[in-house]
Amino acid sequence: MSLRFHNTLSGRLEEFVPLVSGKVGVYVCGVTVYDRSHIGHARALVTFDVLYRYLKFSGYEVTFVRNFTDVDDKIIARAQQAGISTADLVETNIRSFAEDVKAMGCESPTVEPRATENVDGMIALIQELIDKGLAYPADGDVYFAVDKFRDYGKLSKRKLDDMIAGSRVEVDERKHHPMDFALWKASKPGEPWWESPWGQGRPGWHIECSVMSTKHLGQPFDIHGGGTDLIFPHHENEIAQSEGAKGKAFARYWLHNGMVNIGAEKMSKSLGNFMTVQQAAGRVGGEAVRLFVIGTHYRSPLDFSPDRLDESGRALTRLYETLARVDEALKGEAEAGPAPAVLEEFRTAMDDDLNTARAVGIVFETVRTMNRLLDEGKVDEVGVLRSALKEISSVLGIGGTEAVAFLERSKQDHLADAEIDPAEIENLISQRNAARREKNFKRADEIRDQLKALGIVLEDTPKGTIWKIEKR
RNA sequence: GGCGGCGUACCCAAGUGGUUAAGGGAGAGGUCUGCAAAACCUCGAUGCAGCGGUUCGAAUCCGCUCGCCGCCUCCA
């Protein structure tokens, strides 16, 4: 089966055929860096990270561009509120963004351009639009004339008339049409500004993506991604700007991830009902956040709750405990072999519009199979499954860490949180084993209960007693 | 009002015309164990919001009804 994506432009599933055979250009709208990222951003980041990895896995040479929008109204407002420069605010947030992305195991895009580094290109594009009669200056601002662009609304499937009738549109007598949007804004005192043919000002919201995408990928390019909430007006306006100016197609496949809901309501900064990536990763680890995200198909709504996040943490621990068991049994022996059927199933799932939920199911089916084979002593049959799982992990980004190290780290995190000394645990285990040798099971169980109260569970294995962190 | 989408077991979630409806979490029973834990095995929706229709056959297609959500304003 060939790779297929749901294209927002056509509203249906389409076979993916890149512009240039073997190469793919992907542009994804990154974040506006005015605050920390939350689970909603995490979803977009992880979704398109998986897309990037799967395209590479499928043999494509991929150029992946994800931008930072580092100049806009909110950034200016936040900086003023905090009494710092916009540049400082931006740097702080880009740093924390980098931490979040790293925690979730996302690969670095090929390029991460910033809006403020591309203002010249934006001015040039705006001038082109003015020259073509698609934009007009007004009091130091420049607006795009939506009714001059015939295809306006083709992505979001809206008609200009419907939009005006249905929503409150701010009256602005400088605009020729109520839906006209700003390409350039005259700067007020104290705001960042650039020189332009229309005076000192700064770019509007949508123009930076038109410029940065085509700068690195050309026009047209293959895939443009982002959240569904960007379809209108952001992506619609990108199309208007780029296709209006150049008279040719902008992006060929539009992929949009669904929203994260919390209590059946969209998670968002404005509603204040968000959990930051940092909080979530601190609770269960970034990789579990990632598993939480890919457990649902990217276009479906995803309901967030702390309990569901914890479930993902438990599932991930189960995966790693099996991997640790497998690696111990294989002892680093060669595990190459013919690509087993699971890998084909994985490809089929991913080719079908990135069905990561199904792919995760395949991972856990494999986990169970490997456990069973180990119980039956069929170690050699486990090898090929283990190597298949490694390949799958490299795409999904879960289970890719060295298993023992992962488990050890989550232990250490817990001990640090609970302020427990590992030596104390070992000491109690010794006391308990002494009691057990004397058949003093009452005393032995008391010690076990004592540890359990601290979130430590014991397992008596053939090789002795080991301890683990109780699953939350 | 316009556009788009959703409703599958206790919770989450794949499956979108054809053998026994993936997988995860929680739960029950069993094997193992001093007892546990972990792991494994077994059990769990005769049914996929409801009602009609198309079809040899539908969770899957069509129609209607009910419930829910997103976008239309900054937003991943």
Side-chain angles (χ1 to χ4, degrees), chain A residues 8 11 13 28-32 34-35 37-48 72-74 77 153 156-159 161-170 179 205 225-234 236 256-261 264-271 291-292 295-297 299-303 305 307-308 310-316 318-319 321-322 325 345 349 352 355-376 436 439-442 444-445 448-449 452 457-462 465-468 470-471:
Chain A
T8 307
L13 227 48
V28 173
C29 290
V31 290
T32 300
Y34 72 97
D35 202 349
S37 301
H38 59 64
I39 307 287
H41 300 108
R43 187 175 197 194
L45 294 166
V46 169
T47 296
F48 292 107
D72 98 322
D73 295 351
K74 282 188 181 176
S156 55
K157 318 274 192 283
R158 283 156 218 262
K159 297 185 180 73
D161 297 346
D162 293 340
M163 288 189 267
I164 301 157
S167 65
R168 57 203 158 100
V169 178
E170 279 181 43
M179 294 304 292
W205 175 32
T228 55
D229 53 353
L230 295 181
I231 295 171
F232 190 89
H234 187 53
E236 196 69 71
H256 290 100
N257 64 275
M259 297 294 98
V260 173
N261 295 153
E265 205 175 36
K266 177 180 163 184
M267 179 182 287
S268 73
K269 289 281 170 60
S270 41
L271 291 171
L291 178 58
F292 170 72
T296 302
H297 184 92
R299 287 196 288 117
S300 302
L302 173 55
D303 280 316
S305 76
D307 283 348
R308 294 210 48 211
D310 290 346
E311 281 180 16
S312 295
R314 281 193 290 271
L316 187 67
R318 170 147 181 259
L319 169 62
E321 293 202 331
T322 298
R325 197 180 167 211
E345 286 179 42
D352 182 17
N355 191 342
T356 53
R358 171 70 192 130
V360 169
I362 291 166
V363 167
F364 282 96
E365 282 172 27
T366 307
V367 162
R368 195 157 46 144
T369 304
M370 292 195 302
N371 270 318
R372 199 185 59 238
L373 289 170
L374 287 179
D375 279 2
E376 293 168 357
R436 289 173 74 208
K439 305 280 187 209
N440 184 356
F441 296 122
K442 185 162 178 290
D445 290 349
R448 188 169 62 198
D449 292 344
K452 180 150 166 87
V457 290
L458 301 184
E459 290 181 23
D460 297 322
T461 75
T465 301
I466 61 170
W467 60 270
K468 291 179 179 173
E470 186 176 28
K471 291 177 183 174

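All values below were derived from every heavy atom in this structure, side-chain atoms included, with hydrogens, water molecules and symmetry-related copies excluded. Each chain gets a letter, A, B and so on, in the order its sequence line appears, and its residues count up from 1.
Counting non-hydrogen atoms under 4.0 angstrom, A/A357 reaches a base of the nucleic acid.
In this structure, the CZ atom of A/F292 is 13 Å from the C1' atom of B/G25, given to the nearest Å. Distance A/K157 NZ to B/G70 C1': 16 Å, rounded to the nearest Å. Atom CG in A/D72 sits roughly 14 Å away from atom C1' in B/U73 (whole-Å rounding). To the nearest angstrom, C1' of B/G5 lies 12 Å from CE of A/M259.
At B/A39, none of the side-chain N or O atoms of A/R372 fall inside 4.0 Å of OP1 or OP2 (strictly under the cut-off). Listed pair A/R314 / B/A26 meets the phosphate criterion, a side-chain N or O lying under 4.0 Å from OP1 or OP2. Using a 4.0 Å cut-off, no side-chain N or O of A/T461 falls inside it from OP1 or OP2 of B/U33. Under 4.0 angstrom from either OP1 or OP2 of B/A76 there lies no side-chain N or O belonging to A/N257.
A gap of 13 Å separates the C1' atoms of B/C71 and B/A76, to the nearest Å. Across B/G7 and B/G50, the matching P atoms stand 13 Å from one another, rounded to whole Å. For the C1' atoms, the distance linking B/G63 with B/U55 amounts to 16 Å, nearest Å. Taking atom P on both B/U73 and B/C48, the two are 40 Å apart, rounded to the nearest angstrom. A distance of about 31 Å separates the P atoms of B/G29 and B/A14, rounded to the whole Å. Nucleotides B/C6 and B/C61 place their P atoms 10 Å apart, quoted to the nearest Å. Using C1' as the reference atom, B/A58 and B/A21 are 12 Å apart when rounded to the nearest Å. Rounded to whole Å, the C1' atom of B/G30 lies 31 Å from the corresponding atom of B/G15.
In the set B/A76, B/C35, B/C71, B/C71 carries the atom at the smallest distance from any side-chain atom of A/F232. Checking B/C74, B/G70, B/A22 against every side-chain atom of A/R358, the shortest atom distance belongs to B/A22. Listed nucleotides: B/C35, B/G15, B/A14. Nearest to the side chain of A/R448: B/C35.
Between the base of B/C69 and the side chain of A/D303 there is no donor-acceptor pair shorter than 3.5 Å. With hydrogens and angles ignored, a donor-acceptor pair under 3.5 angstrom links the side chain of A/D445 to the base of B/G34. A donor N or O paired with an acceptor N or O is found under 3.5 Å between the base of B/G34 and the side-chain atoms of A/R436.
Between A/K74 and A/D35 there is no salt bridge, since no side-chain N of the basic residue sits under 4.0 Å from a carboxylate O of the acidic one. Taking the charged nitrogens against the carboxylate oxygens, A/D445 and A/R448 do have a contact shorter than 4.0 Å, which makes a salt bridge. For the pair A/D460 and A/R436, the salt-bridge criterion is met [side-chain N within less than 4.0 Å of a carboxylate O].
When each of A/C29 and A/E365 is assigned the nucleotide of RNA chain B bearing its nearest heavy atom, the one mapping closer to the 5' terminus is A/E365. Both A/D460 and A/R308 lie near RNA chain B, and the one whose nearest nucleotide falls closer to the 5' end is A/R308.
In this structure, A/F364 does not count as stacked on the base of B/G23 under the 5.5 Å centre distance and 30° plane angle limits.
Of the possible polar contacts, one joining the A/N355 side chain to the A/R358 backbone as a donor-acceptor pair under 3.5 Å is found.
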